[in-house]
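Contents: one structure, followed by commentary.
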Amino acid sequence: DAEITQSPRHKITETGRQVTLACHQTWNHNNMFWYRQDLGHGLRLIHYSYGVQDTNKGEVSDGYSVSRSNTEDLPLTLESAASSQTSVYFCASSAAGNTEAFFGQGTRLTVV
Amino acid sequence: QQQVKQSPQSLIVQKGGISIINCAYENTAFDYFPWYQQFPGKGPALLIAIRPDVSEKKEGRFTISFNKSAKQFSLHIMDSQPGDSATYFCAASNGEAGTALIFGKGTTLSVSS
């Protein structure tokens, strides 16, 4: 069965370190997204991609970057981790803009 | 500027009752309005979605009501069950332009038995 997987599921890192969260989907979807979920803020869009070599900034993109070198993967990089980036991160993919988006299980990141 | 406003933040309903969650949007270009359900420790999953050419969509105990002129849509859960206890998110996007989903802040629903 097709799926979307995130790794790691949990990570603790120190302030100032570079961190990369992985997202891999086997749906062959063109669209991929990264959201962060925080209490009281819901799901906020970080970055998204509509295909290979395409990346776009979302609502809360400062301090994050993504790259799309193939259809299956959209890794999210925190260039210099900050305590404000402690959150649960969700990756999602969809076939088109107005079709179902499938979410991964999430990565809980703690920056100490 | 919050593009999708969701209320209430939390909701407690007795088993068998009706749960109602409301959302309002600002961008008239939005043309796709899904509701996602999330259980603790899991990613959100699509529950039901509607497009603005219809005013209501029903799937089992779940109904979306859509009011285009008021720029509002709501989720009704009939005969609420303890298994419905979860966080619910409304969302919106401009599918024609292929924009990403913009989510409301979520509603935590607890159904008491």
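Both backbone and side-chain heavy atoms feed into the values below; hydrogens, waters and symmetry mates do not. Below, read A as the first sequence line, B as the second, and so on, with proteins coming before strands; counting in each chain starts at 1.
In this structure, chain B has a heavy atom under 4.5 Å from the side chain of Q37(A), while its backbone stays farther away. Residue contact with chain A, scored on non-hydrogen atoms closer than 4.5 Å, involves the backbone and the side chain of P44(B) alike. At a 4.5 Å heavy-atom cutoff, the contact between L45(A) and chain B is made by side-chain atoms alone. Proximity to chain A (any heavy atom under 4.5 Å) is shown, for F33(B), by neither the backbone nor the side chain. There is no contact between R44(A) and chain B, counting heavy-atom distances below 4.5 Å.
Ring geometry for F103(A) against F90(A) counts as perpendicular: the plane angle is over 60°, on a 0 to 90° scale with 30° as the lower cut.
Side-chain contact annotation: Y35(A) with Y48(A), donor-acceptor N/O pair under 3.5 Å absent. Between the side chains of S80(B) and S19(B), at least one donor N or O lies within less than 3.5 Å of an accepting N or O.
The candidate with the highest count of non-hydrogen atom pairs below 4.5 Å against chain B, out of R108(A), H41(A), R9(A), is H41(A).
Nearest heavy-atom pair, P75(A) versus W34(A), reported as atom, atom and distance to 0.1 Å: C-NE1, 4.0 Å.
Note on K58(B) versus E56(B): no salt bridge recorded, every NZ/NE/NH1/NH2 to OD/OE distance being 4.0 Å or above.
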